[in-house]
Amino acid sequence: MSLYLEHLNPEQHAAVTLPEQHALILAGAGSGKTRVLTTRIAWLIKNSLASPGQILAVTFTNKAAREMQTRLSAMLPINPRGMWIGTFHGLCNRMLRAHHRDAGLPQTFQILDSADQLAAVKRIVKSMNVDEDKFPPREVQWFINARKEEGLRAQAVGAQDGITRRYVEMYAAYDAQCQRDGVVDFSELLLRSYELLTRNEVLRAHYAERFRHILVDEFQDTNRLQYRWLRLLCGPNSALFAVGDDDQSIYRFRGANVGNMADFERDFAVEKVIRLEQNYRSQGNILSAANALIAHNENRLGKNLWTAAGEGEPLRVYEANSDLDEARFIVDEVQALSREGVPYQDMAVLYRSNAQSRVIEHALFGAGIAYRVYGGLRFFERAEVKHALAYLRLVATPEDDNALLRVCNFPPRGIGARSVEALVDAARNAPTATDSNTPAFGLGPDNEDARLSRLAGSLWSSIPQLAGKAGTSLQAFRALIERLQQETRGLTLGETAAHVIAHSGLIEHYGKEREGADRIENLNELVNAATGFDPAEAIIDIATGETTDPTVVDPLTAFLSHAALEAGEHQAGEGQDALQMMTVHSAKGLEFQVVFISGLEEGLFPHEQSLNERDGLEEERRLAYVAITRARTRLYLTVAQTRMLHGQTRYNLPSRFLNEVPETLMKWLTPRYNERRARADDAAWLNPGASARGHFSSDFSAGAAAAQSARFAAPASALGGFRIGQSVIHPKFGQGVIVDAEGAGSEARVQVNFSRNGVKWLALGVAKLTAV
DNA sequence: CTACCAGTCCTTTTT
DNA sequence: GGACTGGTAG
């Protein structure tokens, strides 16, 4: 056995050396799935079962793609850059650049990120005079993306009711606008590529013949369109090797379809399903807790993780009085662990929603602990960087309306809403390019690319016609961009970026702002990024995949695609030893020696909104499963009895997920739980309607009942035995009923509706209330 | 046209 | 509690 296959366990080995056939690898958390994927590729190449050009490896994130390339180049004496390894979006981008004519796109098409797309949708909603309250742009955006991910163009969407018809109209108008601007959104990359392969059988056959081995990572995260895309590329001689874990499917809210795993087994008549169940990450108790929790889900393919490591410590559970107390506890433990020699960067605080991070950050800051929060604005998403990129986009493609609207008045140059409106009107009334042979404004097509990228009706092309004040200022802006185009001709990418930013007025503008120094720093960083950008990374030769051809894409377009597809690292402070803070979602794929899962409360985790969704509770449970399996040796679970949320104190019950982990695996650091658990069990009688519905226990009604009773029961324990709905007697005000409550402990107050004296707020620490 | 203030709405997120 | 939006005053 050759060196690189050593240390594989029997299942991993079987997966890596599987004959050329379709296979589904059910890879549990921490079971070495990335290792299996990369070793599989290396094995195929070393045994001459495939050349590098015959392999297509698809991941979900850039990070995963990079890691695969890094590991591969360590195993093989080849440059993996020439290989088709990348994200779905990155690979589709590659394909569309190569076949842009067939796909009906200009070669320099720009990519809209979500924010750009939302702005574009807003323009559509406005221009169609649609009521924004009835059709919120976010909803419209979601509608469009969801349809695209089903593979449906506007005209293919069946619209029964007037509302849907309106959505469809906006979808159609949005697509037309994108086509005219020469821009493509994320889901469009997929759909356009899919359509290209459907319509062009020669092309499809070429790729299907070429890709003998298609390997897919995180298969449970694929959406329907991605699955169909894979099917198109999978020819009669191709083998599809899908790796995934249905228990870690946590992205259904954005279109991921776990059902693809079952469909794959059926559609491809998969004979080989291999389960990787040995976990190399977590100690026994942590793993047992994860297994016990996830066993409560009904819809599973089934899998049980085990480890050769010992049991390790029990899970430590802390029930805090409040979110502040919870934060304080975490800080204390982190400090203690740090003193014991655990590096900060090997500890992580996980939470269900971003809003929870603030309190913990505050406590960490107060204690002087270095921390790093994931999930903030990323480099290429920062306003100043997007502004600079918009200038660069205009230099590349001035017809890009999105870019033009973003910066035509930034920094302010007297082009306000009225001027923009005048320009939009002019563009709308301009002769449109419905007949593709009609040249636009004398910018006759010297070649096909020019025709595709210089369509009439763009804002840019309408500027010269404008008269008056709006015309003057906009023409000055147009002159600026044209000047930049001329001055940067022949310059390198880095020089172009430096020149455009220097003459955009952005530096001067931010120089005047109080907080502008950071922004200018980021602009300089952007110039550095452009200077250091290696376009070869983004360019592959279409015919062979083995050589690179710099003429395929110009460096500026490549850089702009890179900026959109890979928004850059989350935040600075990369190398520093800092405590890691992130949502459970963004923790997927990571591991830490010590993990804190905070906010394990009904309503928060599981999130109350998820209880209204079909199978929402199961997805929340998978999320908890992902969270637990991040920990190697120590896992803390924390609950807060009260929590400030949206400026209001809320009372929550401990999460049901705590009840789903066997007591024997847990060590309670606070004593109150059993008492509270008893109350939780009693909670139903406080709310008879809920218990009646809960009886028919579908996930939905049971979940809703529990969430509702939580609100009734939680104040009872926080209010020293009082609860909402309870009858009480006050020595002065007489008899009444508690109707509301806030605060806890000595701060607790209740609102009582007295039959003779009306509604009053009373502090429990002061008022002498007696329960009846 | 810009700058400031009040009212609203709150999951999760990668590409 | 805070980010974002829309309206109004300057």
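Bear in mind the structure is a predicted one, so any value in this text is a computation, not a measurement. Just so we're on the same page: letters track the sequence lines, and every chain starts at 1.
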Mind checking which nucleotides bracket the chain A contacts on DNA chain C, 5' to 3', with an atom under 4.0 Å from a heavy atom? dG1(C) to dG6(C)
Counting side-chain heavy atoms from CB outward, which of dT15(B), dT2(B), dC1(B) is closest to Thr87(A)? dT15(B)
Under 4.0 Å, counting only non-hydrogen atoms across every strand here, what does Ser419(A) touch: a base, just sugar-phosphate, or nothing? sugar-phosphate
Any residue meeting ring pair (Phe, Tyr, Trp, His ring centres under 6.0 Å) with Phe88(A), in chain and number order, not counting sequence neighbours: Trp229(A)
Reckon Lys122(A) touches a base, only the sugar-phosphate, or nothing at all at heavy-atom distances under 4.0 Å? sugar-phosphate
Summarise how protein sits on nucleotides 7-13 of chain B as a single string, 5' to 3': B when a protein heavy atom is under 4.0 Å from the base, S for sugar-phosphate-only contact, - for no contact. ---BBBB
Whole Å only: how far is the CD atom of Gln220(A) from the C1' atom of dT14(B)? 14 Å
Would you mind classifying the nucleic acid contact of Asp185(A) as base, sugar-phosphate or nothing, using non-hydrogen atoms under 4.0 angstrom? nothing
May I ask you to say what Ala564(A) touches in the nucleic acid, namely base, sugar-phosphate or nothing, with a heavy-atom cut-off under 4.0 Å? nothing
Close side-chain approach of Asp217(A) and Val58(A), heavy atoms under 4.5 Å: no
Round to the nearest Å and state the distance from Arg378(A) atom CZ to dT15(B) atom C1'. 8 Å
Answer yes when Arg192(A) and Asp185(A) have at least one side-chain N-carboxylate O distance shorter than 4.0 Å, and no when they do not. no
Mind checking the C1' distance from dT11(B) to dG6(C)? Whole angstroms is fine. 25 Å
Assign each of Ala417(A) and Asp113(A) to its nearest nucleotide of DNA chain B by heavy atoms, then name whichever residue's nucleotide is nearer the 5' end. Ala417(A)
Please report the closest heavy-atom contact between Met644(A) and Thr649(A), naming both atoms and the distance. SD-OG1, 3.7 Å
chi for dT11(B) classified (syn = within 90 degrees of 0, anti otherwise) as syn
Using a heavy-atom cut-off of 4.0 Å across all strands, would you classify Ile415(A) as base, sugar-phosphate, or nothing? sugar-phosphate
My understanding is that only residues two or more places apart in sequence, or in another chain, count here; which of them pass ring pair (Phe, Tyr, Trp, His ring centres under 6.0 Å) with Phe605(A)? Phe657(A)
What interatomic distance, in whole Å, is found between C1' of dT14(B) and the corresponding atom of dA3(C)? 22 Å
Determine which pairs satisfy side chain to side chain donor-acceptor pair (under 3.5 Å) with at least one residue from residues 409-420 of chain A, sequence neighbours left out, and list them in order. Tyr391(A)-Arg413(A)
Separation of atom CZ in Arg94(A) from atom C1' in dT15(B), rounded to whole Å: 16 Å
Show, in sequence, the C-alpha distance, side-chain angles and deciding distance for Val424(A) and Glu421(A), and conclude whether the side-chain contact (heavy atoms from CB on, under 4.5 Å) test is met. CA-CA 5 Å; Val424(A) 170; Glu421(A) 207 175 297; 5.7 Å; no
Verify whether the ring centers belonging to Trp84(A) and Tyr207(A) lie closer than 6.0 Å. yes
Just jot down the ring pair (Phe, Tyr, Trp, His ring centres under 6.0 Å) partners of Phe109(A), sequence neighbours excluded, or say none. none
I want to confirm an ordering. Mapping Arg413(A) and Leu565(A) to their closest nucleotides on DNA chain B, which one lands closer to the 5' end? Arg413(A)
